[in-house]
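Worksheet: the structure to be examined is printed underneath.
In this chain, residues are counted from 1 in sequence order. Values below: every heavy atom of this structure, side chains too, minus hydrogens, waters and symmetry copies.
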Amino acid sequence: MRIYFYHTQDIQRIVAENRRGLFPGHFLYGATRFEDHGIEVVWHRFSATPSRLRNMLATSFRVLRMYRKIDAVYATHYTGIEPLIFLRAAGLFRKPIILWHHQPVITPRSWFREHLGRIFYRGIDGLIFFSQKLIDESLKTGKIRPEQTHLGHWGADLDFYDRLMAARQEPRAGFISTGKEMRDMPTLVEAFRKTAAPIDIYIGRSNGNINYERIFQSLDTGEQVHVHFTHGLKPYELSLLVNRAACVAICCQETNYTVGLTTVVEAMALGLPILCSRNPQIPIDVDQEGCGISMPYGDTEAWEKAIRYILEHPAEAKEMGRKGRRLAEKTFNDSRCAAEVAEWIRRTIDSVARKK
C-alpha cells in the first residue's frame, strides 16, 4: 500500500532533520511511522513559490502523474490540494483523500460559498479532527457525514523528547511561553508582572495580522518578563529551552480551533505542568486530567492566582507534570496517532475499492 503524503510546509527539510533527530515527528502527522504499518510514503515535493495557484496546479499534476502508483492521498491540510478534492467530488479522481481538518466546518453567509462547500466536502473521504467538539460543530452544518469523520489523538513524538530529557544536565527552573498563533501577551505579561515571577517568552515578531513586537512596545514588562523574538529558531532549539523550564504558560486569544495544542502536547511529553487559556476546542482538559490549571480568556486575576499556586506548591506542580506525561504515553502520542491514521487509510482504501 502506498500513499501520497501532502504537507503545506517544507517537507524535505522536516524529514531530513527528523531523521537526524532534530525535528519531532508529530509535525509529520504519523507519516514517519507508516512503514511500521505496511504503508509506503511518497513525500510531497515542497515548493516555496508565493503563488498559491501555481502550487495547487503543480501539486495536482504531480499527484495525477502518479495516479497508478498510489492508493490514496493523505494530507495535513486541504490548502493546496483543492483541485484534487473537486476532481474527487466530480468522480474524475478515484483515489481516496484523507486529511486533517484544523477548524470546524462552517456555514458561510454567501449562498454561493455554501453551495461550493457542499460539493467540496463530497470530495474528501476521511476528515480527521483534533477533538470531538470540532466534529460535533462540523456535523451541525450538514456538509459532512458522521462516517467521514475520525477523532485523531494527535500527540508528541515521545522518542524525541525522551532524548532531550536524557541529555539535560541542569535542573529545571522558571516559566516559559512559546508558540506563535493568537497569543494573548497583554494578559500574560500583566499577570507575571503582578506576581514578580520570572518568565521567558519566545515568540515571532508577528504572526498573521498580530504584530507582537508592537504589542510588547506598549506593555510594561517589568524586570522579570524576558521577551525573545524567535526569528530562525527551529522546533528543536525551542524544545531545548522548554526542557530547561519548570512550567509552561500558554496564554491565547479566543478562537474556534485548537490554538495552543502543539505547546500542550510538548509540555506533556516533557513532564511539565501547564498553565493555559481554557480553549474548549482542545481535546485535553488539563484541570480534569490533573496536569495543569486553565483560565478563562483574558482573565489576568485567574492567571495571577495560578502562577502563585505553582510557585507555592512545587510538589503539586511536579505531580501535574507526571500526570501529563502519563497521559501522553497512554493517549496523546505520535505512535498512537500513526496507528490510528494507518488503520483509517487502510479501511478507506478498502471501502472505495469495494464500491468500484
Side-chain angles (χ1 to χ4, degrees), residues 3 5-37 39-41 43-44 46 74-77 99-100 102 128-131 150-168 172 176 178-181 202 230 233-245 248 250 258 260-272 274 282-284 286 289 291-292 321-345:
I3 59 106
F5 176 65
Y6 172 78
H7 203 315
T8 57
Q9 299 182 27
D10 187 348
I11 196 166
Q12 276 67 48
R13 179 179 68 85
I14 295 174
V15 170
E17 292 189 7
N18 172 260
R19 288 170 177 167
R20 294 166 53 208
L22 300 177
F23 212 108
H26 56 268
F27 285 98
L28 294 169
Y29 293 72
T32 59
R33 300 181 186 272
F34 281 173
E35 185 176 337
D36 297 336
H37 301 279
I39 297 177
E40 182 182 349
V41 177
W43 302 98
H44 172 65
F46 176 78
Y74 171 55
T76 63
H77 204 285
L99 58 81
W100 286 82
H102 295 248
I128 308 171
F129 291 89
F130 292 89
S131 70
H150 305 288
L151 175 59
H153 295 92
W154 186 80
D157 178 352
L158 297 185
D159 295 337
F160 173 85
Y161 291 104
D162 285 347
R163 289 193 296 270
L164 294 189
M165 289 191 288
R168 192 189 74 250
R172 287 170 166 168
I176 191 169
T178 62
K180 59 184 180 179
E181 284 188 276
Y202 292 86
T230 57
L233 278 181
K234 300 175 182 178
Y236 174 74
E237 295 161 329
L238 284 172
S239 296
L240 289 174
L241 295 168
V242 176
N243 191 34
R244 286 162 35 186
V248 173
I250 311 165
T258 54
L261 179 58
T262 301
T263 316
V264 167
V265 299
E266 177 177 71
M268 289 166 52
L270 289 170
L272 292 170
I274 302 164
I282 288 180
I284 302 158
V286 298
E289 299 292 347
C291 58
R322 285 190 285 268
K323 287 181 177 179
R325 172 65 193 208
R326 287 197 292 268
L327 183 59
E329 292 172 355
K330 178 183 177 183
T331 306
F332 296 97
N333 61 76
D334 193 47
S335 294
R336 174 169 177 171
C337 178
E340 290 178 341
V341 174
E343 179 61 22
W344 295 329
I345 290 173

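By the 4.5 Å heavy-atom criterion applied to side chains, L261 and I284 are counted as neighbours. Residues N18 and F27 form no side-chain contact, since every pair of their non-hydrogen atoms from C-beta on lies 4.5 Å or further apart. Under the 4.5 Å side-chain criterion, counting only non-hydrogen atoms from C-beta, I128 is not in contact with L99. Side chains of L240 and R168 form no contact here, defined as non-hydrogen atoms less than 4.5 Å apart. You'll find the side chain of E343 stays beyond 4.5 Å of the side chain of H150, heavy atoms only. In this structure the side chain of V341 reaches within 4.5 angstrom of the side chain of F34, judged on heavy atoms.
Annotation: salt bridge (charged side-chain N to carboxylate O under 4.0 Å, His left out) contacts of D162 (sequence neighbours excluded): R325. For the side chain to side chain contact (heavy atoms under 4.5 Å, CB included) test, residues two or more places apart in sequence or in another chain that qualify with S239 are F160, Y161, L164, E266. Partners of H153 under the side chain to side chain contact (heavy atoms under 4.5 Å, CB included) rule, at least two apart in sequence or in another chain, are L151, T331, F332, R336, E340. With sequence neighbours excluded, the residues satisfying side chain to side chain contact (heavy atoms under 4.5 Å, CB included) with R322 are K318, E319, R326. Under the side chain to side chain contact (heavy atoms under 4.5 Å, CB included) criterion, Q9 pairs with H7, I14, sequence neighbours left out.
For the atom pair T178 OG1 and L238 CG, the distance stands at 6.0 Å (nearest 0.5 Å). Atom OH of Y202 sits about 4.5 Å away from atom CG of L241, to the nearest 0.5 Å. In this structure, OG1 on T230 lies 10.5 Å from CD on E237, to the nearest 0.5 angstrom.
Judged as a salt bridge (Lys or Arg N to Asp or Glu O under 4.0 Å), the pairs with a partner in residues 23-34 (not counting sequence neighbours) are, in order, R33-D157, R33-D159, R33-D334.
Here the closest non-hydrogen pair linking K323 and C291 is C-CB, 4.3 Å. Nearest approach of I274 to A267, heavy atoms of both residues: CG1-CB, 3.7 Å. A pairwise comparison of heavy atoms in P235 and F23 identifies CG-CZ, 3.5 Å as the closest pair. The two atoms that bring W100 and G152 nearest to each other are CH2-CA, 3.9 Å, heavy atoms only. A pairwise comparison of heavy atoms in L272 and A245 identifies CD2-O, 3.2 Å as the closest pair. Here the closest non-hydrogen pair linking I11 and W43 is CD1-CE3, 3.5 Å.
Crowding of E35 atom CD: a count of heavy atoms from other residues, nucleotides or ligands under 6.0 Å not exceeding 12. More than 12 heavy atoms of other residues, nucleotides or ligands shown are found within 6.0 angstrom of CZ on F46.
For Q12 (side chain) and H44 (main-chain N/O), a donor-acceptor pair under 3.5 Å exists by modelled atom type. Panel note: side chain W154, backbone H26; a donor-acceptor pair is recorded below 3.5 Å.
Classification of the F130-Y29 ring pair by plane angle, with boundaries at 30° and 60°, yields perpendicular.
When F5, Y6, W344 are each tested for a ring pair (Phe, Tyr, Trp, His ring centres under 6.0 Å) with Y74, only one passes: F5.
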